Amino acid sequence: MINISFPDGAVRQYEAGVTAMDIAKSISEGLAKKVLAAGVNNQVWDASRPITTDSHLKLYTWNDAEGKNTFWHSSAHLMAEAIEAKFSGVKFWVGPPLDNGFYYDVDLGDKKITEEDLAELEKKMNELAKQNNVYIRTEKAKADAIAYFTEKGDEYKLDLLQNLEDGNITFYTQGNFTDLCRGPHIPHTGFIKAIKLTSIAGAFWKGDEKNKMLTRIYGITFPTQKELDDYLTMLEEAKKRDHRKIGKELSIFTTNEDVGQGLILWLPNGTIIIEELEKLAKETEAAAGYKRVVTPHLAKENMYLTSGHLPYYADSMFPPMEMDGEKYYLKPMNCPHHHKIFDAEPKSYRDLPYRIAEYGTCYRYEQSGELFGLMRVRCLHMNDAHIYCTKEQFAQEFKAVNAMYLKYFKIFGIDKYVMRLSLHNPEKLGQKYVNQPELWLETEQMVREVLIETGTPFVEVQDEAAFYGPKIDVQIFSVIGREFTLATNQVDFAQSRSFNLSFTNQNNEPEVPLIIHRAPLGTHERFIGFLLEHYAGNFPVWLAPLQVKVLPISDKFMDYATTVKTALQKAGVRVEIDERQEKIGKKIREAEISKVPYMLIVGEKEATENKISVRRHGKGDAGQLSIDEFVHNIAEEIKQRKAAE
RNA sequence: GCCGUUGUAGCUCAGUGGUAGAGCACUUCCUUGGUAAGGAAGAGGUCGUGAGUUCAAUUCUCAUCAACGGCUCCA
């Protein structure tokens, strides 16, 4: 007999060789029907795997991440079985679970899979799932496994085997499909009741673009049809918030083939948002002691050799323009220009921290396949600034920048983000990162300490630093789940040396400053793209391109509507009158659809009483106010940059 | 850049080897209406672009441009 202890502290005795499934059954049949996997001494096991020693046991169901992962991993195997049944001779790479669903990378050889095939594969999967085939775990010696896949001619699984230790090699079989797999798996395929194969995509083998491209098939499965339906509905809802869709509906931006890929044309509505953001940034930066500068979009080759951009960043730069025997580059970042400004006049320690800010226009050659609406573009406007400071001043300056983020995030109500400490990769020193190993470690530690000291939760990620130093990135997710860096706060120990920047310290000696690169509002492009999704187009009043729409009941009240409009315009409010000969219901409907925060309905009643009837977007009738009251209220709401409700 | 899909009116989308349709938007007229769509008429597209096959191409083929889903890469 062995002792099995449960999360609640209970300990019960079972025969050695008992499975988690047996134990679940001994508790209740209902529970047994839901168990997908087991946690045995903090390892995830098959619920059907015999337990032979005293153990801690957790039972995982669909409600646990471990349960879902196992479910989706098993679903990947089920899909593989269906693929093998339909396409003979395919080879499989890996099929892991994802946050939502799973994929399998396959080499289809000469064959091709199309969207139409997905429906057939789903059908086959459903058929196989209904057979309640159990997932059978077997162990093999490495030599046997190698022999097995050599005979099969499966170079992918042989490659996987290379990195596995002998004695731990497991296979799983369900129905007619056997795969090299660490597991674990759900008890049988019958748990999988609802299946949707979502897309086909190419994926480089091992994620290396030099390797062959495999076919990746994505899918998602659920224990019930309802959950699948809910998931698909949720996806549809998310698509409605997509900034590309809302951006078009609200006339925020457009693109044009003749202008070029990734080059955004900001329409008047989008430009209003840009100007409001710049106003906020300029106020905030002025208060924080930044000075503003303006620099050109171009610079000569030599500067980018000095800065390190050409050695480390050339792939992201547009090719040079030649003029009078000189090569000129469009700037991918503002920093080199700013360094020249720092260097334009001698600096003493009294001038530091020297903070210069610019809404700089940068051009980056992003590969065509990476462009994505406003989130990934080739011409971007950065909320940029550089702080030149001493080592002693660094922590305080860096903290002040972090505080600035948080202040902005509060204004915008941004609360779903991940702070990422982005570190270098020592293996890529000299290629992707400047070759100064000690300075990397030293500055990374400085940044880490600032984060710890301020109690900011963060994750550390290797190989995400800038070429000139470590950084903190604020990661956000688009509605369709893509991750982006929204804001960034970076240390640069490299460029001040390469540019020979110095200041005179208190001992009358030259000293090299540290540089902080920071962009709390990121770029206009990405920030507004994010905001469109964040607010689903329902901007707070201060940001809304049109803040008030006056809706006359009929054109008899056009004069009064004009009086109202004029009063608002005088207070700096963005206001229009709907002058069309339409019924009020239609005017309201269209104002609602265009997401104008305030609709003011004016007719007989209002005109005689010198009032307006207020309707708040998304909320409906908000009662009557005098013109003066309303003007005062909205002016205050705008001034305070009140959050969207 | 790579793999795959797509490209028809301002928008959303039908459709066809014999030079195109719907709804909404737009224009005009009627209507002057009180909190999410009043009625009628009209205008609008050489079907992304270029070549090829064909008596004939928007439809088939190829190339190219762009968008979308991923991969790789990154604010």
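This is a predicted model, so every value here is computed, not measured.
The phosphate of G1(B) has OP1 or OP2 within less than 4.0 Å of a side-chain N or O from Tyr365(A). Within the 4.0 Å cut-off from OP1 or OP2 of C2(B), not a single side-chain nitrogen or oxygen of Lys210(A) is found.
Using a 4.5 Å heavy-atom threshold, the side chains of Tyr598(A) and Arg616(A) count as touching.
Arg378(A) forms no cation-pi arrangement with Tyr363(A), by the criterion of a distance under 6.0 Å to the ring centre and an angle within 45° of the ring axis. Cation-pi contact between Arg420(A) and Phe458(A): absent, since separation from the ring centre below 6.0 Å together with deviation from the ring axis within 45° is not met.
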(message) One character per nucleotide, please: for nucleotides 40-46 of chain B, 5' to 3', B when the base has a protein heavy atom closer than 4.0 Å, S when only the sugar-phosphate does, - otherwise.
(response) -------
(request) Report, as a single string ordered 5' to 3', how protein heavy atoms within less than 4.0 Å touch nucleotides 33-38 of chain B: B base, S sugar-phosphate only, - not at all. (result) BBBBBB
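Judged as a ring-ring contact (aromatic ring centres under 6.0 Å, His included), and not counting sequence neighbours, Phe253(A) has no contacts. Judged as a side chain to side chain donor-acceptor pair (under 3.5 Å), and not counting sequence neighbours, the contacts of His338(A) are Glu358(A), His386(A).
The distance between atom CD of Glu257(A) and atom C1' of G50(B), rounded to the nearest whole Å, is 13 Å. The CZ-P distance, from Arg244(A) to G7(B), rounds to 17 Å in whole Å. Whole-Å rounding puts the Asp315(A) CG to C73(B) C1' distance at 9 Å. With rounding to whole Å, Ile577(A) atom CD1 is found 21 Å from U32(B) atom P. With rounding to whole Å, Arg378(A) atom CZ is found 11 Å from C65(B) atom P. In this structure, Met317(A) places its CE atom 15 Å from C1' of C74(B), rounding to the nearest Å. Rounded to whole Å, atom P of C74(B) lies 16 Å from atom CZ of Arg482(A).
Residue-level contact check: Phe372(A) touches the backbone only, with heavy atoms under 4.0 Å from sugar-phosphate atoms and none from bases. When heavy atoms are screened at a 4.0 angstrom cut-off, Glu366(A) is found touching base atoms of the nucleic acid. Residue Glu370(A) is classed as a base contact, given a heavy-atom separation below 4.0 Å to a base. Within 4.0 Å (heavy atoms only), Ser368(A) reaches at least one base atom of the nucleic acid.
Side chain of Lys248(A), nearest nucleotide from G70(B), C11(B), C2(B): C11(B). The side chain of Arg216(A) has G70(B) as its nearest neighbour among G70(B), C74(B), C65(B). Side-chain atoms of Met213(A) lie closest to C3(B) of the nucleotides G1(B), C3(B), C68(B). Nearest to the side-chain atoms of Gln367(A) among the listed nucleotides C11(B), C73(B), C71(B) stands C73(B). Side-chain proximity of Glu209(A) to G1(B), C71(B), A66(B): nearest is G1(B). When the nucleotides C74(B), G70(B), G1(B) are ranked by their closest atom to the side chain of Ala201(A), G70(B) comes out on top.
Here the closest non-hydrogen pair linking His337(A) and Leu298(A) is NE2-O, 3.0 Å. What you find for Tyr405(A) and Ala487(A) is that their closest heavy atoms are CE2-CB, 4.0 Å. In terms of heavy-atom proximity, Met558(A) sits nearest to Ile577(A) at SD-CG2, 3.9 Å.
Here His309(A) and Tyr329(A) keep their ring centres 6.0 angstrom or further from each other. Taking the ring centroids of His424(A) and Phe467(A), they lie at or beyond the 6.0 Å cut-off.
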Only pairs under 3.5 Å count here: list side-chain donor-acceptor contacts from residues 264-274 of chain A, not counting sequence neighbours, and write none if there are none.
from      : atom 1 : to        : atom 2 : distance (Å)
Asn269(A) : ND2    : Leu250(A) : O      : 2.9
Thr271(A) : OG1    : Leu267(A) : O      : 2.9

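Note on ring orientation: taking the six-membered ring where Trp is involved, the planes of Tyr104(A) and Phe92(A) are perpendicular (angle over 60°, cut-offs 30° and 60°).
Using a 4.0 Å cut-off between charged nitrogen and carboxylate oxygen, Lys565(A) and Glu576(A) do not count as a salt-bridge pair.
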(message) Could you write out RNA chain B as dot-bracket? Rules: Watson-Crick or G-U wobble, both distances under 3.5 Å, brackets [ ] for crossings, | for pairs with another strand, dot for unpaired.
(response) (((((((..((((....[..)))).(((((.......))))).....(((((..]....))))))))))))....
